[in-house]
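Residue numbers start at 1 and run along the sequence shown. One-based numbering, in listed order, for ligands and for the atoms of each.
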Amino acid sequence: MQTRIRARIATLTFVLPLALSAGATAGEGPDAGKALAFEVIDRNAQQMTDISDSLFYFGELGMQEFESTKLLKDTLTAAGFRVELGGAGMPTNLWAEYGSGHPRIAIVTEIDALPGGSQTPGTYERKPLVSGGPGHMEGHNTHGGVASMAAFAVKEVMARQNIPGTVAISFGPAEEQIASRPFIVRAGYFKDVDAIIYLHIGEMLATGYGLQNYAAISSIFTFHGKTAHGAVNPWDGKDAVDAVELMDIGFDKLREHLRPTYRAHRSITAGGVQPNIIPDTGKIWWFVRDASMPAAKATYDKLLKIAEGAALMTGTTWDVQYAASAWPQLANKAIAEAIQPNIELVGMPRWTPAENDFAKDFQKAAEKPVVGLRTATTPPGGRVQSASSNDSGDVSWVVPAGLLNFPASVPGIEYHEWKAAVTPISSISHKGQVAGAKVLAASIIDLLTSPDLIQKARAEFEVESKKTPYVSLLPPDVGPAIDLNRAEMEKYRPEMRKLYLDKTPRFN
Ligand SMILES: [Zn+2]
């Protein structure tokens with residue numbers, strides 16, 4: 001009986017390698033490489049999710065990812081990677097690599113959390129772990145585990161099969177404020193890279209091609225006036241908040257004349273002190289977006305004119321400060337066509353009835369369609385352009401880029417809400433991470449072992465990227481905002497520290 005059970009298990013674990021091609025595990029070539037990578041990932045699944053779960057409890061905001069990058073640096077160094085922390089002027093910018101020379105393939109992803117996202121995992125009643133604290137309500141914590149796991153699996157295959165080239169990971173800081181990638185690109189990190197795969201959690205196992213999200217430009221406008229007593233001598237004052245209001249009204253008049261694809265939203269961040277003081281300072285922070293960067297830039301240039309007009313009308317002066325920017329992701333079709341067969345090969349995780357029931361109950365409680373978990377992979381072209389932005393877009397205009405989403409979220413539960421912090425360390429997430437790491441590793445193996453694929457991706461990139469030549473929106477004298485979120489993180493870290501998992505994951 002014992003023997004028979006063991007034999008059946010052995011047959012089951014052998015199903016996947018056999019699906020690749022006969023005798024794949026023992027031999028050479030990409031199929032054998034993928035089979036070996038899958039073995040490594042299955043063997044290290046716990047280590048992978050220990051990383052992701054640890055990052056969940058660190059819950060670090062953008063530019064403050066100190067504990068997260070320390071864990072990743074230690075883990076990847078122990079796994080045989082060369083790790084650089086602090087490049088491009090950002091203390092939490094991490095670049096890790098193994099191997100040498102070309103092809104050079106990089107995984108690009110991020111690990112930051114969101115303000116107010118603290119939530120007790122596993123329960124969909126609002127229950128913060130630390131009241132008011134930040135947390136992973138998008139699941140970027142999973143990126144640390146999946147990217148590290150996939151890169152390690154690829155490293156093992158490269159070593160075993162003597163595959164030349166380099167596998168790298170770029171963990172960029174502060175994606176939630178689209179605040180780092182333009183600097184990483186400007187510092188030249190991708191100049192010598194042949195292709196990247198951008199990794200992000202999702203509810204689908206999917207890739208895509210073409211423009212995959214929106215361009216965004218974020219700037220803070222400050223008007224400078226002259227203060228005066230609101231009743232005694234208002235004629236001596238120049239009201240800076242009047243300029244803010246006129247800028248707002250001016251843009252509303254423009255809205256009718258913009259392309260339907262545009263998005264623009266603002267927040268008045270300095271709107272006066274009290275009514276009887278004419279304010280000498282007014283601030284308004286704008287996000288302008290569109291489906292392409294030239295379209296977003298055209299709207300942004302009009303916004304500058306509106307600011308000028310508002311200043312003219314109020315006798316104030318104004319200045320504008322660059323806050324952040326992101327190009328839309330330009331996803332490469334040749335790489336998508338290489339990723340898709342790996343998606344089909346790995347397939348969706350097998351969910352238990354309990355996991356599916358949990359998802360349904362959660363969807364019901366969140367007043368979303370009660371559809372449970374996805375069971376089918378997403379067909380080619382099933383991923384459409386979204387109006388959100390991601391600063392990894394800048395990378396995709398300087399190097400051919402593939403995209404991969406892995407299914408570690410409950411469908412319908414939107415990110416940037418505390419509800420999305422309920423499942424990032426659940427078994428649903430853990431299974432999705434295994435699937436994601438396998439597809440990612442297999443796709444990198446394809447990129448490393450197929451010069452034709454690299455060439456095809458490059459040829460497509462040369463045509464597509466030249467249609468809209470990349471220009472950095474960074475003003476030359478602007479550096480990264482490394483103090484971003486510092487005060488907020490310092491406020492909550494002492495309480496959050498009590499919950500750290502204290503794991504030391506080691507891949508083997
Ligand atoms: Zn994200």
Side-chain angles (χ1 to χ4, degrees), residues 51-52 55-56 58-65 68-69 72 92-94 107-119 134-148 150 169-182 184 196-208 211-216 218 263 287 289 324-331 383-396 401-425 429 432-433 436-437 440 484-485:
I51 297 173
S52 302
L55 264 53
F56 179 87
F58 293 149
E60 292 176 308
L61 295 168
M63 297 290 176
Q64 306 302 319
E65 305 98 330
S68 307
T69 49
L72 290 167
T92 57
N93 179 33
L94 191 153
I107 300 163
V108 174
T109 192
E110 56 275 329
I111 51 172
D112 57 328
L114 283 153
S118 182
Q119 168 66 17
H136 277 287
M137 52 180 177
E138 191 171 317
H140 283 183
N141 61 301
T142 61
H143 299 177
V146 175
S148 303
I169 313 176
S170 170
F171 287 114
E175 187 283 321
E176 296 294 4
Q177 275 144 311
I178 52 173
S180 74
R181 269 54 173 266
I184 301 175
I196 69 146
I197 295 181
Y198 174 72
L199 177 75
H200 202 285
I201 187 172
E203 57 182 61
M204 314 186 287
L205 190 52
T207 185
L211 291 177
Q212 286 284 297
N213 57 15
Y214 262 36
S218 161
R263 295 282 189 284
F287 269 36
R289 309 192 207 219
S325 60
W327 278 63
Q329 288 166 328
L330 175 66
R383 196 183 186 279
V384 294
Q385 184 172 20
S386 120
S388 64
S389 306
N390 186 307
D391 60 355
S392 67
D394 281 55
V395 181
S396 71
L403 297 187
L404 177 63
N405 289 120
F406 57 95
S409 299
V410 174
I413 305 300
E414 298 295 343
Y415 297 144
H416 293 218
E417 273 188 52
W418 64 265
K419 294 187 188 83
V422 170
T423 56
I425 64 168
S429 169
Q433 290 175 50
L440 183 55
L484 203 65
N485 300 313

Colleague: Pick one: which of Ile111, Thr69, Asp112 meets side chain to side chain contact (heavy atoms under 4.5 Å, CB included) with Thr92?
Modeller: Thr69
Colleague: Please determine whether Glu110 has a backbone or side-chain N, O or S atom lying under 2.8 Å from the Zn ion (ligand 1).
Modeller: no
Colleague: Testing Asn390, Thr109, Asn405 for side-chain hydrogen bond (donor to acceptor under 3.5 Å, both in side chains) with Tyr198, which one passes?
Modeller: Asn390
Colleague: Assess whether a salt bridge exists between Glu414 and Lys419, defined as any Lys/Arg side-chain N lying under 4.0 Å from an Asp/Glu carboxylate O.
Modeller: no
Colleague: Check the orientation of Tyr415 and His200. Use parallel for under 30°, tilted for 30 to 60°, and perpendicular for over 60°.
Modeller: tilted
Colleague: In His140, the N, O or S atom nearest to the Zn ion (ligand 1) is which?
Modeller: NE2
Colleague: Of all N/O/S atoms in His200, which lies nearest to the Zn ion (ligand 1)?
Modeller: NE2
Colleague: Please find the N/O/S atom of Glu138 nearest to the Zn ion (ligand 1) and write down its name.
Modeller: OE2
